[in-house]
Amino acid sequence: MHIQRRVHWFFLALFLITNIFIPQGFAAVKANEEVRPETLTFMNRDLAIFRANLNGASPSIRVENALKRMRQVETMELIEDIRAVPFSLAGEKGFQFHLGTRHLFSLIEKDLDPESSEQMADLVKETTLILEELKNARYQQSKISFLIHEFFVALLATIALIASIVILKRGLNWSGHYLLIKCREISTRHNGTHWVEYFFLFGARLTQFISWLLILILLYSWITFCFSRFPLTYPLGHKLGMYVSHTLHWVVESILAAIPNLMTIFIVVFITRSLLDLLKVFFRRVQSGQLKIPLLHFETVSATQRITTVIIWGLCIAIIYPFIPGSNSEAFKGLSVLLGVIISLGSTGLVTQLMSGLVVVYSRALRVGDFIQVNGVKGVVTEIGGLATKIQTQNKIETTIPNSVIISNSIENFTRLNDATGSLISTTVTIGYDAPWRTVHEILISAALSTNQIISAPSPYVFQRALSDFYVEYQLFFHTEFPEIQTKILSELHQKIQDEFNRAGIQIMSPHFMSQPLHPVLSTMK
């Protein structure tokens, strides 16, 4: 008995599962199945979009049935009228489209685009017009005389295309050849490269580009014209022509819409340029000494002007950026991101050098024309840039030192404290105690005054640096306005010193005694 009851309960559960739960599951799956819209296209024309099932037929099956009916239409039936007949089937309301008595396809209310506000009457009217145009196109396509006429028109268009391309290529090739000949003549005449040569060379390359561009335009126009002559390909030609017209319309609209923004950009740039011109006059007067501004020194005027110019132009670009045509486009945004990444990756060392350059300029440790020594390099400063400083040594060698190296080393400036008197340079000579020191002073000063590039005011002077065991160290100081050639000046000065001492009968010697001299080594006081 227990076994029989279990069998009965098993069959009862199986009956409930197979008759209630499984059908409901299949129904839910079928209800949730998405219906894909299908487009009815005939003779390259989109006639209608089926978005719902009709009497159990899916949109794809509805398209197949409609195409089968339209292919069965005879030529004699094309003189009939297109009619839209309302109908109701299985609770679905819509319209059936007929060519005479032949049913073509049907549209129901569920075929309306749910995302638009189009009504059924509008859809029926639009579909009727499309079918009328399709009927006329198919009727013309069936007439041999019409096709022959259009074929000859397309043939004439092809001949005109070939003639235009030949004339265009010959004319532009002649122009490019003429420009290249002029380019060679200029190169031969000047025995080398001349800027006009690049102008003619660019003109020749531009002529080639224009020739290919015009040929592409002619081919595009020919394809559009030929396609639009035949009923079967008319939609393709119409799309090509509409693409060009829409593009030109978009360009014209974009230009007209950009005029207010361009005016804004022009005004902002004009104000910026005017402000920079005023600041240029201001900085020029400060640099010339006509204006005295606290914390703005002669050495820092040029750098301050450059920094101010960069800041003002940066503000100008930030203001006009939203008004630049295409600034909101994805290409513009992508380019901005790319530039930002490049600047971020490569700006570490650059910013370090720029900040070092600002420190060099605003510390006023050196300026152009100063004779300095830094990091073992001695010479005249020829340029102070944002990234590096250039120094010309006495051997006419230009040395470029990064600003970060300059600020990390001590700077010896031989010119800074001698602006009015020139650079102070010295040389040392040792003379025995038997030479009167006053005479030695006179000889050294006389030799300095007779040397070129040594100025007489302030006058050279001599210090006795040391009284050594066997000789006296005399150091001659003099001023010159040409510290960059101090090697040449010192060489000439040494020659003059030798000549003067020879005339005075004093030997330039530094004696070292091995034993006490027999008589005292001293000079007679004069």
Can you list everything that forms a side chain to side chain contact (heavy atoms under 4.5 Å, CB included) with [X]? Sequence neighbours excluded, please.
X      : value
Leu216 : none
Thr309 : Leu276, Gln305, Trp313
Phe501 : Ile431, Val440, Ile443, Leu444, Ile497, Ile506, Ile508

Is the side chain of [X] donor-acceptor paired with the backbone N or O of [Y] at a distance under 3.5 Å, no angle test?
X      : Y      : answer
Tyr471 : Val429 : no
Thr264 : Pro260 : yes
Arg45  : Met43  : yes
Ser426 : Phe477 : no
Thr451 : Ala447 : yes
Ser491 : Thr487 : no
Thr382 : Lys390 : yes

Where is the tightest heavy-atom contact between Leu493 and Ala448, given as atom of each residue plus distance?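 So the two residues come closest at CD1-CA, 3.5 Å.
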Please find the pair of heavy atoms, one from Ala154 and one from Phe230, that lie closest to each other, and give the distance.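 What the structure gives for the nearest pair is CB-CE1, 4.3 Å.
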Could you check His249 against Glu253 for side chain to side chain donor-acceptor pair (under 3.5 Å), going step by step and ending with a plain yes or no? CA-CA 6 Å; His249 182 70; Glu253 279 190 346; 2.7 Å; yes
Using the six-membered ring wherever Trp is involved, compare the ring planes of Phe463 and Tyr461 and label them parallel, tilted or perpendicular (cut-offs 30° and 60°).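 Geometry flag for Tyr461 against Phe463: tilted rings.
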With side chain to side chain donor-acceptor pair (under 3.5 Å) as the test, would you mind laying out the steps for Thr39 and Asp46 before giving the verdict? CA-CA 7 Å; Thr39 302; Asp46 295 335; 5.8 Å; no
Answer yes or no: does atom CZ of Phe151 have more than 12 heavy-atom neighbours from other residues, nucleotides or ligands under 6.0 Å?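 Not more than 12 within 6.0 Å, no.
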Take atom NZ of Lys169 as the centre, draw a 6.0 Å sphere, and report whether it contains more than 12 heavy atoms from other residues, nucleotides or ligands.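 It does: Lys169 NZ has more than 12 such atoms within range.
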List the steps and the verdict of side chain to side chain donor-acceptor pair (under 3.5 Å) for Gln453 and Thr480. CA-CA 6 Å; Gln453 283 84 38; Thr480 179; over 6 Å; no
Under the criterion side chain to side chain contact (heavy atoms under 4.5 Å, CB included), I'd like the reasoning laid out for Leu262 against Phe266: C-alpha separation, chi angles, the key distance, then a yes or no. CA-CA 6 Å; Leu262 293 176; Phe266 174 78; over 6 Å; no
With rounding to the nearest 0.5 Å, note down the distance linking CG in Leu156 to CZ in Phe225.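 Output value for this atom pair is 8.5 Å.
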For Leu168 and Leu218, what are the C-alpha separation, side-chain angles and deciding distance, and is it a side chain to side chain contact (heavy atoms under 4.5 Å, CB included)? CA-CA 10 Å; Leu168 180 65; Leu218 288 174; 4.3 Å; yes
